[in-house]
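In what follows, a structure is listed as structure tokens, so that the remarks can point back to it.
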Amino acid sequence: MSVSEELHADLVIIGGGLGGVAGALSALQSGRTVILTEETKWIGGQITSQGVPPDEHPWIERFGATRNYRTFRKQIREYYFRHFPVKNSQRRNDHFNPGNALVSSISHEPRVALRVLYDMLAPYLTSGKLTLLTEYKSTEVTTEGDQVRTVTVENSIGNRFYLLKGKYFLDATEMGDVLPLANVEYVIGAESQAETGEAHAILGNAEPFNMQAFTYCFAIDYIEGEDHTIEKPAQYEFWKNYQAAFWPAKQLSWRGLVPHTLEPIEYSFFYEPNRFSLWNYRRILDKSNFEPGTFQSDMTIVNWPQNDYWLGPIIDVSEEMKAKHLESAKQLSLSLLYWLQTEAPRPDGGYGYPGIRLRKDVLGTEDGLAMYPYIRESRRIKAEFTVKEQHISGELEGKQSAAYFKDSVGIGCYRLDLHPSTGGNTYIDISAYPFQIPLGSLIPIRVQNLLPAGKNIGTTHLTNGCYRLHPVEWNIGESAGHLAAYCIENHLVPHEVRNNQQLLNDFQARLVKAGIELEWPKIHKV
């Protein structure tokens, strides 16, 4: 392998998802130089290349997010007001929601998020302080003792390599891909009760390959009277007849489970009384928000129980096995689409909605599926401190709040929400208190100049379920960027910052000044 070119920066960030972008932004705002790489064509991760609209807590419009994340949300709304014929009545709405989704107060197109993220990074790209490499994947890491020295990245569409050198490195990949390359100690899958003392952890031995389902999302609209039926997918007959042992019906059906009660639930496509509307669930464009005639149809993202893939993991398996599961997950999503178009029962007694149109343009791919699967669970560092169920659970008697972390570097809020897993387990969905992000969860037990910047922090299989959503990932990445910048400026390593009270106070004051909230006001669990 020949290296095409050697690049240097203060901070090298591998992975351009929300955590990677937020980490780059905070380091750049701190005066550092940054190299940011991304495996796909799009930065933004779950909100763009994975096609998942924001999933946020109930207080997001008032508090519970960083200043930079608030800027991002504000610019999403402003983008629509500048470029779309939004109705005047909606222009006066401070909480304008482009898609009026059930799951989000600011559901929007992935392409809009992509443009806003580029706008936020624009001054640094122009100044040269930020070098952005899209369609580059890490292939090799060199280390010396407890230090990472270089990361080599390869272009996915050509034989081109870069050797990246920095003072600090952030692993902001979706699955913690840098960790094994750098020999960073990490955990995968489900820990046992004996290991963690968590009430909902599995009994017996740990199950490393028992991981949450992942999903290939896709975007659709609906044109009544037209036929947009796709070619029958190769694995359609398998998926049409597939039923998991824990599921109340075939996966391609209108029946599923309520995650927190495990009671059967009836879904519907469009709105039906006493049924859960999947069309409105993750809708990213509500045509009624815009001037009449602008759009033929609403537009929604299909990230539903029916296309969650749990037949096998894609982390730390052979390349052949990974490719097999990725292809099967794509086939599941395409089979769901074909079933919706041809066989899904309708309220009028008929079958199929041929007017469903796969919007390939919305996610920028030839097959219409997201560029990257929606990853719910990553490799997780063995950290100085690991967040466990008992720290944040809302089900423990006598608790009024989550555990207080004096080394907090941010906050988040989401239920302990685990989708069905590759070990054959059904949903785990537990109430949680609004929580803090402890600095200790960002610090590897050994390696000194590499930090996690996404779902790869020190959580467990269970607590990862609430530290994985959009505003939390952003906060993790933003704080990791500040930590790297602070250590570079002061010639420190992260564990020194955490374990020296004066340094910790100084670093936390920096975060507060940057608009990062470290504590919640007194509010209720979710």
Side-chain angles (χ1 to χ4, degrees), residues 13-25 28 34-55 68-69 72-73 75-76 79-80 83 98-99 104 106-122 124-125 130-138 153-158 160 162 170-175 177 214-220 282 284-285 299-303 326 329-330 333 358-376 378 453-455 468-471 473-474 477:
I13 304 176
I14 308 299
L18 284 179
V21 170
L25 196 58
L28 291 161
V34 175
I35 298 168
L36 175 64
T37 74
E38 164 54 31
E39 186 176 341
T40 71
K41 291 186 291 186
W42 286 1
I43 60 173
Q46 58 179 313
I47 209 167
T48 57
S49 60
Q50 296 174 41
V52 184
D55 213 337
N68 280 345
Y69 187 75
F72 167 73
R73 296 178 91 256
Q75 290 188 17
I76 291 291
Y79 188 94
Y80 279 94
H83 299 289
S104 172
I106 190 168
S107 56
H108 58 276
E109 266 200 81
R111 289 178 292 195
V112 173
L114 180 67
R115 287 171 171 83
V116 169
L117 291 173
Y118 268 108
D119 286 348
M120 295 178 76
L121 294 175
Y124 307 104
L125 287 165
L130 171 62
T131 300
L132 177 61
L133 303 174
T134 56
E135 296 182 275
Y136 276 84
K137 181 178 173 61
S138 57
V153 292
E154 178 183 358
N155 187 270
S156 60
I157 56 175
R160 184 174 181 83
Y162 283 106
L170 264 55
D171 182 352
T173 60
E174 300 299 323
M175 294 186 282
D177 291 337
F214 65 92
T215 305
Y216 268 105
C217 303
F218 56 95
I220 57 173
R282 298 185 190 273
I284 55 173
L285 187 141
M299 190 156 56
T300 195
I301 292 288
V302 179
N303 174 19
L326 289 172
K330 288 185 173 185
S333 286
L358 179 61
R359 290 293 301 269
K360 298 181 179 182
D361 58 310
V362 172
L363 289 164
T365 60
E366 288 294 321
D367 62 10
L369 303 178
M371 292 178 187
Y372 203 86
Y374 175 34
I375 302 297
R376 295 183 177 88
S378 169
K455 292 182 285 287
R468 65 181 172 85
L469 281 303
H470 303 69
E473 182 187 345
W474 182 291

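FYI, the numbering just counts along the sequence from 1.
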Among residues at least two apart in sequence or on other chains, which ones pass side-chain contact (heavy atoms from CB on, under 4.5 Å) with [X]?
X: Ser107; value: Pro53, Asn97, Ala101, Ser104
X: Thr173; value: Ile14, Asp171, Asp177, Val178
X: Leu358; value: Phe218, Leu337, Lys360
X: Asn155; value: Glu135, Tyr136, Ile157, Arg160

Only counting residues at least two apart or in another chain, list the ones meeting side chain to side chain donor-acceptor pair (under 3.5 Å) with Tyr374.
Arg468
List the steps and the verdict of side-chain contact (heavy atoms from CB on, under 4.5 Å) for Leu369 and Leu363.
CA-CA 7 Å; Leu369 303 178; Leu363 289 164; over 6 Å; no
Can you give me the closest heavy-atom contact between [X] and [Y], atom names plus distance?
X: Ala370; Y: Ser49; answer: CB-O, 3.3 Å
X: Gly16; Y: Val21; answer: O-CG2, 3.5 Å
X: Thr48; Y: Pro110; answer: CG2-O, 3.5 Å
X: Ile13; Y: Gly23; answer: CD1-C, 3.7 Å
X: Ile375; Y: Met175; answer: CG2-CG, 3.8 Å
X: Gln46; Y: Leu18; answer: CG-CD1, 4.2 Å

Measure the shortest side-chain to side-chain distance between [X] and [Y] over non-hydrogen atoms and say whether it is less than 4.5 angstrom.
X: Pro54; Y: Phe72; answer: no
X: Gln50; Y: Glu174; answer: yes
X: Ser333; Y: Val302; answer: no
X: Ile301; Y: Val52; answer: no

Which residues pass the ring pair (Phe, Tyr, Trp, His ring centres under 6.0 Å) test with [X], not counting sequence neighbours?
X: Tyr80; result: Phe84
X: Tyr124; result: none
X: Phe214; result: Tyr309

Provide the full list of salt bridge (charged side-chain N to carboxylate O under 4.0 Å, His left out) pairs with a residue in residues 363-376, sequence neighbours left out, each pair given once.
Asp308-Arg376, Lys330-Asp367
Checking Thr40 side chain against Trp42 main chain: does a donor-acceptor pair fall under 3.5 Å?
yes
Arg359 side-chain N/O to Met299 backbone N/O, donor-acceptor pair under 3.5 Å
no
[X]: partners by salt bridge (Lys or Arg N to Asp or Glu O under 4.0 Å), with sequence neighbours left out:
X: Glu473; answer: none
X: Glu109; answer: Arg111
X: Arg73; answer: Glu56, Glu61

At what distance, to the nearest 0.5 angstrom, does [atom1] of [X] lie from [atom2] of [Y]?
X: Ile43; Y: Thr37; atom1: CD1; atom2: OG1; answer: 12.0 Å
X: Leu170; Y: Ile35; atom1: CG; atom2: CD1; answer: 13.0 Å
X: Leu469; Y: Trp474; atom1: CG; atom2: CH2; answer: 15.0 Å
X: Thr300; Y: Arg282; atom1: OG1; atom2: CZ; answer: 9.0 Å
X: Asn68; Y: Leu25; atom1: CG; atom2: CG; answer: 4.5 Å
X: Leu130; Y: Leu28; atom1: CG; atom2: CG; answer: 5.5 Å

His108/Ile47 under side-chain contact (heavy atoms from CB on, under 4.5 Å): CA gap, chis, key distance, verdict:
CA-CA 9 Å; His108 58 276; Ile47 209 167; 3.9 Å; yes
